[in-house]
Q: 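Have a look at this one.
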There are 2 protein chains.
Amino acid sequence: MGSRWGINRTVGQIYALLYISGRPLPADEIAEALNFSRSNVSMGLKELQSWRLVKLQHLAGDRREHFSTPDDVWQIVRILAEERRRREIDPTLSVLRDLLLMKPGNEDEREIQGRLAEMHDLIELLTRWSEDVQKLETQQLTQLLRLGGGIIRLLDLKNSLPLLGSKRRKTPQPATEDGLDED
Amino acid sequence: MGSRWGINRTVGQIYALLYISGRPLPADEIAEALNFSRSNVSMGLKELQSWRLVKLQHLAGDRREHFSTPDDVWQIVRILAEERRRREIDPTLSVLRDLLLMKPGNEDEREIQGRLAEMHDLIELLTRWSEDVQKLETQQLTQLLRLGGGIIRLLDLKNSLPLLGSKRRKTPQPATEDGLDED
DNA sequence: TGGTCTTTTCAGTAAAGACTGAAAGTTTTG
DNA sequence: CAAAACTTTCAGTCTTTACTGAAAAGACCA
């Protein structure tokens, strides 16, 4: 299914099995259920652990290690977002920043840096935003998402309220502690 | 760099070159610049076209086909989101729905369907939301993103306004045309 | 229409990635 | 501390994917 998401087919199948089975499974049961070699399962689980997508636990009266997925789907989303950021986004941003630090040797290079900067800012904006909303309570997050495009009405509302408008005021106002302005 | 994003390394390099060069390039210049065979470039461009990430154009006085990326970075994000949805998300949702339509044969299967339903609803919520906000003007979109976690204050504000509260009221209210409620 | 320039296709090959079984490693237990 | 129970590692093999050059196909022009 979603086997093109940086994680391979086998690993995806293992994860899916753990997710739907809803209880901790030992490696050999996974191998049997999916008809993989024991060592393949071992490697898959190792990768899933490195993504923090499964956790290991010991069940009373059984010496084998058991694995399970987080029980909250939102938790899965949060972890995935964090890991992808750490592994893919951050290194990309870092390379972009390095390139932007170089002195452009000529007009062409200056233009290229301009385009790289645009890309950098875009990625950073998206990343920061996702990081921010991931921190919200699940309850708040779902409310926000359910609002969908309707969110724009809230923004309009905000812009129409003089003290909360998004434009910087020329004369300093008394601090309102509402923090709706953004730098 | 981001070569693990469902698109292979070669294709990524071609796209990056087109993006930073900022002008339409013919296939043979790409092949020369990146040291790929002409046929490899041809295939890469074909894939990029199928993703609608490059467009073909003819330049006066040159018989060769030239390719370029959209000039607006936001446009790139929008196209990427749409295509990924079409290719990956929608088929996944469709499979999930099919599974949910099946009558559970026993208690275990019922539980599994429950978990699949949770996943389905999560994906659908995220997808719908992203679809919705992609439709916003770039200007509005950036405002929203820049707000980051601060968005929660707007939600709180909304919840505190009696006529706009997110809870359904028991007695029907006169229509306010604000549409902030969501079904 | 034939000739020139350009792009696409495709069969074969090269490279990358996934999977396995055997062996080594680790932990628990009598 | 040795045997038993379990897990990990890794070299070799199998499978999948990427890339190439040669040939075919298409477009334009005289």
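No hydrogens, no waters, no symmetry mates; every other heavy atom, side chains included, goes into these values. Numbered from 1 within each chain, the chains take letters A, B, ... in sequence-line order.
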Q: For nucleotides 20-30 of chain C, give me one character per nucleotide, 5' to 3': B if any protein heavy atom sits under 4.0 Å from the base, S if the only such contacts are to the sugar-phosphate, - if neither.
A: BB-----BB--

Q: Calculate the interatomic distance between B:Leu25 atom CG and C:dT7 atom P; express it in whole Å.
A: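 For the pair B:Leu25 CG and C:dT7 P, the rounded distance is 12 Å.
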
Q: Rounded to the nearest Å, what distance is computed from the NZ atom of residue A:Lys46 to the C1' atom of nucleotide C:dA18?
A: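 Computing the A:Lys46:NZ to C:dA18:C1' distance gives 15 Å.
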
Q: Output the rounded distance in Å from CZ (B:Arg64) to P (C:dT4).
A: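 My rounded result for the distance is 19 Å.
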
Q: Please check if the side chain of B:Thr127 supplies one atom and the backbone of B:Ile123 the other of a donor-acceptor pair under 3.5 Å.
A: yes

Q: Regarding B:Arg87 and the six-membered ring of B:Trp51, is the cationic atom NZ or CZ under 6.0 Å from the ring centre and inside 45° of its axis?
A: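 That pair qualifies as a cation-pi contact.
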
Q: Go through the side-chain N and O atoms of B:Arg78 and B:Thr138 and say whether any donor and acceptor fall under 3.5 Å apart.
A: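 Yes - a donor-acceptor pair under 3.5 Å links their side chains.
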
Q: Specify the separation, in whole Å, of atom CD of A:Glu47 and atom P of C:dC19.
A: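 Going from CD in A:Glu47 over to P in C:dC19 covers 11 Å.
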
Q: Can we say B:Glu109 and B:Lys103 salt-bridge, meaning some charged N sits less than 4.0 Å from an Asp/Glu carboxylate O?
A: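 No, no charged N to carboxylate O under 4.0 Å.
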
Q: Look at B:Ser42 and C:dT8 and indicate whether a side-chain polar atom (N or O) is within less than 4.0 Å of OP1 or OP2.
A: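 Indeed, a polar side-chain atom of B:Ser42 lies that close.
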
Q: Between atom CZ in B:Arg9 and atom P in D:dT17, what is the gap in whole Å?
A: 18 Å

Q: Do B:Glu107 and B:Arg110 meet the salt-bridge criterion of a basic N to acidic O distance under 4.0 Å?
A: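 Salt bridge between B:Arg110 and B:Glu107, a charged N being under 4.0 Å from a carboxylate O: yes.
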
Q: B:Ile14 CD1 to C:dT7 C1': how many Å, rounded?
A: 14 Å

Q: Quick test of your reading: applying side chain to side chain donor-acceptor pair (under 3.5 Å), list the pairs with at least one residue in residues 12-30 of chain A, sequence neighbours left out, ordered by first then second residue.
A: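 Applying side chain to side chain donor-acceptor pair (under 3.5 Å) to every pair that reaches into residues 12-30 of chain A, excluding sequence neighbours, yields A:Asp28-A:Arg64.
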
Q: Between D:dT17 atom C1' and B:Asn8 atom CG, what is the distance in whole Å?
A: 9 Å

Q: Could you check how far CG of B:Asp62 sits from C1' of C:dT7, rounded to whole Å?
A: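 Nearest whole value for this atom pair: 14 Å.
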
